[in-house]
Amino acid sequence: MQRRDFSKLVGGLPALSQAAPQSPKRIKTAMITAAGGAHLNYYFESLALAEEVASVSFCDPSGDSNALARKLLGAKLTNSYPDPGALFRKEKPDLALISMEAAASPPAIDAALEAGCHVLAEKPGCVHVEDFEKLNRKAKAHNRQLLLALGNRVDPVMVEARRIFQEGKIGKLYGVEVHIIADQTRLTKPGYAKDWKAQKARSGGGHLIWLGIHWLDLAVFVTGLPVRAVTGFTANVGGQPFDVEDSAVVAMQFGNGALGSLTSGYYLDKGYHSHLKVWGSQGWLQVDKHTEIPLEWYSTLDSNPQVKRWEKPKRPTGDVYPVFIRAVARACAGLEPFPLTGDESLSALKAIFACYRAAETGKMQRV
């Protein structure tokens, strides 16, 4: 999505809470980033738009995003600092939003937790799941949440799919099929091989940990069942000069014994193909997010079973950042529950790193 369309889109997004107060409690936030920080334009604009965010303290030691922060945060940008330690010594933010390459994220997350902040981290937030697990324990010990930016949970299509399943309309889960396919074109651009996302030591992995993690998490979100075991394969099918996968296929076992599959890869020339289908004892539902009919379902519990469709609303639903960031801010202000928890974030990471172990060893992995 073009940044110039962002603010226009936000105005059409659904209200996060119909009961939102006229003068909501407001929180102080910190934005911590560095060279290569991802999705900064969306984070800056979402913080600027969220009513519950009173101010933003900013730190980017590289200086790469200073101008963008001033432009997009506007009057909410209060102070800039040369390093996170200086920021946390001076400021007392309620929430720290951290967007850094995965290898550099754990120390910044640790500093934010030590300062008493809730933390929202760009995924994956680590290159070793044990680091995130340790940080999540610290967050809980401090009565704080450590969240990954798995913002698709607030997409209206996914919220509706979850409601249908959780109300029992599909019955007991039998099976799940998921795919998230993006463009191979980005991988061929000059300099991409030097990006942190193309280097396993800095990123933890490729497409699976960058995009596949969203849709694995969505399968858990919709069904309410954790992934308990995985096996699968990863590969670099496009042959680009880096050591992370551009293709992954994962077989999953869910908490009730049901099975599922995830295909995650960079295959297209442009755009996305995304799909989530759930079969149960009483019917099925299917999410095709990037189509005119993004959700269909069928339930034998209906008196006259027919395929039902949730048509795309007139308002856009494609970008979740402003809704997700506001949801996190409202939760930090004590106005509503968090859109996900640190334990749920950790579970998604555990499943992804188990997929990598399965691919490396050729053996099924318990999560």
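Computation of the quantities below employed the complete heavy-atom set of this structure, encompassing side-chain atoms and omitting hydrogens, waters and symmetry-equivalent molecules. Note that the coordinates shown come from a computational prediction; the quantities given were computed from them, not determined experimentally.
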Query raised in the report: Are the side chain of N256 and the backbone of K172 linked by a donor-acceptor contact shorter than 3.5 Å?
Result: no
**Report entry** Value rounded to 0.5 Å, distance of CG in D217 from CD in E344
**Finding:** 7.5 Å
Report summary line: Between S345 and L146, the two heavy atoms sitting closest are OG-O, 3.9 Å
Query raised in the report: Is there a path of hydrophobic side-chain contacts, each under 4.5 Å between heavy atoms of I, L, V, M, F, W or Y residues, that connects M252 with I181?
Result: no
Requested in this report: Taking the six-membered ring for Trp and the full ring for Phe, Tyr or His, determine whether the centres of F44 and F58 are under 6.0 Å apart.
Outcome: yes
Query raised in the report: Going by heavy atoms in the side chains, are Y266 and Q240 under 4.5 Å from each other?
Result: no
Query raised in the report: Distance from I180 atom CD1 to W210 atom CH2, nearest 0.5 Å?
Result: 13.0 Å
**Report entry** Side-chain touch T341/Q145, heavy atoms, less than 4.5 angstrom
**Finding:** yes
Requested in this report: Look at the side chain of R26 and the backbone N and O of E51, then say whether any donor-acceptor pair between them is shorter than 3.5 Å.
Outcome: yes
Requested in this report: Specify whether Y43 and H39 have parallel, tilted or perpendicular ring planes, treating 30° as the upper limit for parallel and 60° as the lower limit for perpendicular.
Outcome: perpendicular
Query raised in the report: Is K76 reaching over with its side chain to a backbone N or O of V53, donor-acceptor style, under 3.5 angstrom?
Result: yes
Query - Minimum-distance pair of heavy atoms, taken over all atoms of A193 and Q199 - result: O-NE2, 3.5 Å
Requested in this report: Could you give me the CA-CA distance, side-chain angles and deciding distance for D343 and K140, then say whether side-chain contact (heavy atoms from CB on, under 4.5 Å) is met?
Outcome: CA-CA 9 Å; D343 286 344; K140 291 196 288 186; 3.1 Å; yes
Query raised in the report: Looking at OG1 of T188 and CZ of R186, how far apart are the two atoms once the value is rounded to the nearest 0.5 Å?
Result: 11.0 Å
Query raised in the report: Is there side-chain contact between L120 and F324, with at least one heavy-atom pair below 4.5 Å?
Result: yes
Requested in this report: Would you indicate whether H275, at its atom NE2, is surrounded by more than 12 heavy atoms from other residues, nucleotides or ligands within a distance under 6.0 Å?
Outcome: yes
Query raised in the report: Under a 4.5 Å cut-off applied to non-hydrogen side-chain atoms, are F233 and S247 in contact?
Result: no
**Report entry** Minimum heavy-atom distance between F132 and L349, given as atom pair plus value
**Finding:** CG-CD1, 3.5 Å
Report task. Measure the spacing between CD1 of I27 and CG of L95 and express it to the nearest 0.5 Å. Result -> 5.0 Å
Query raised in the report: Donor-acceptor pair, D246 side chain versus G238 backbone, under 3.5 Å?
Result: yes
**Report entry** Test of ring centre spacing under 6.0 Å for F338 and H118
**Finding:** yes
**Report entry** Backbone of D269 reached by a side-chain donor or acceptor of T185 within 3.5 Å
**Finding:** yes
Query raised in the report: Cluster question for you: counting only ILVMFWY and a side-chain heavy-atom cut-off of under 4.5 Å, with indirect links fine, are V250 and W279 together?
Result: no
**Report entry** S264 side chain vs A248 backbone, donor-acceptor pair below 3.5 Å
**Finding:** no
**Report entry** Side chains of S99 and M31 in contact at under 4.5 Å (non-hydrogen atoms)
**Finding:** yes
Query raised in the report: Less than 4.5 Å apart, any side-chain heavy atom of L301 and any of I170?
Result: no
Query raised in the report: Is the backbone of L77 close enough, under 3.5 Å, to the side chain of S57 for a donor and an acceptor to pair up by distance?
Result: no
Requested in this report: State, with a plain yes or no, whether a side-chain heavy atom of N152 is found less than 4.5 Å away from one of F221.
Outcome: no
Query raised in the report: Side-chain heavy atoms under 4.5 angstrom apart, residues restricted to Ile, Leu, Val, Met, Phe, Trp, Tyr: same cluster for Y272 and L218?
Result: yes
Query - Candidate pair Q253 and R366, rule side-chain contact (heavy atoms from CB on, under 4.5 Å), full reasoning - result: CA-CA 9 Å; Q253 184 179 56; R366 296 289 178 186; 3.6 Å; yes
Report task. Using modelled atom types only, decide if a donor and an acceptor are shared between the side chain of E245 and the backbone of L208 within a distance under 3.5 Å. Result -> yes
**Report entry** Listed partners of H214 passing ring pair (Phe, Tyr, Trp, His ring centres under 6.0 Å), at least two apart
**Finding:** none
Query raised in the report: Mind checking whether V227 and V249 sit in one hydrophobic cluster, side chains of I, L, V, M, F, W, Y counted as touching below 4.5 Å?
Result: no
Report summary line: Taking every heavy atom of L340 against every heavy atom of L148, the minimum-distance pair comes out as CD2-O, 3.8 Å
Report summary line: A201 and V127 have their tightest heavy-atom pair at O-CG1, 3.7 Å
Query raised in the report: Among V119, L87, L97, D60, which one satisfies side-chain contact (heavy atoms from CB on, under 4.5 Å) with I32?
Result: L87
Query raised in the report: Linking I/L/V/M/F/W/Y whenever their side-chain heavy atoms sit closer than 4.5 Å, directly or via other members, would F242 and W196 fall into one cluster?
Result: yes
Report task. Report yes or no: does Q365 contribute a side-chain atom to a donor-acceptor pair with the main-chain N or O of C355 at less than 3.5 Å? Result -> no
**Report entry** Heavy-atom pair with the smallest gap, counting every atom of A358 and V230
**Finding:** CB-O, 4.0 Å
Report task. I would like to know whether K197 and V244 meet side-chain contact (heavy atoms from CB on, under 4.5 Å); could you show each step before the answer? Result -> CA-CA 8 Å; K197 292 186 287 294; V244 296; over 6 Å; no
Requested in this report: Would you mind checking if E160 and R163 are paired as a salt bridge, meaning a charged N to carboxylate O distance below 4.0 Å?
Outcome: yes
Query raised in the report: After noting the C-alpha distance and the side-chain angles of S347 and V220, does the key distance pass the side-chain contact (heavy atoms from CB on, under 4.5 Å) rule?
Result: CA-CA 10 Å; S347 292; V220 171; over 6 Å; no
Query raised in the report: About how many Å separate CZ of R162 and CG of L285, when rounded to the nearest 0.5 Å?
Result: 12.5 Å
Query raised in the report: Does the side chain of E133 come within less than 4.5 Å of K350's, by heavy atoms?
Result: yes
Requested in this report: Run the numbers on T300 and Q282 for side-chain hydrogen bond (donor to acceptor under 3.5 Å, both in side chains), then give the verdict.
Outcome: CA-CA 5 Å; T300 58; Q282 303 294 335; 2.8 Å; yes
**Report entry** Option among K134, R137, K138 that satisfies the salt bridge (charged side-chain N to carboxylate O under 4.0 Å, His left out) test with D110
**Finding:** K138
Query raised in the report: Within the distance-only criterion (no hydrogens, no angle test), does the side chain of R144 pair as donor or acceptor with the backbone N or O of G116 below 3.5 angstrom?
Result: yes
Query - Reported OH-to-NZ distance for the pair Y298 and K308, which is rounded to 0.5 angstrom - result: 11.0 Å
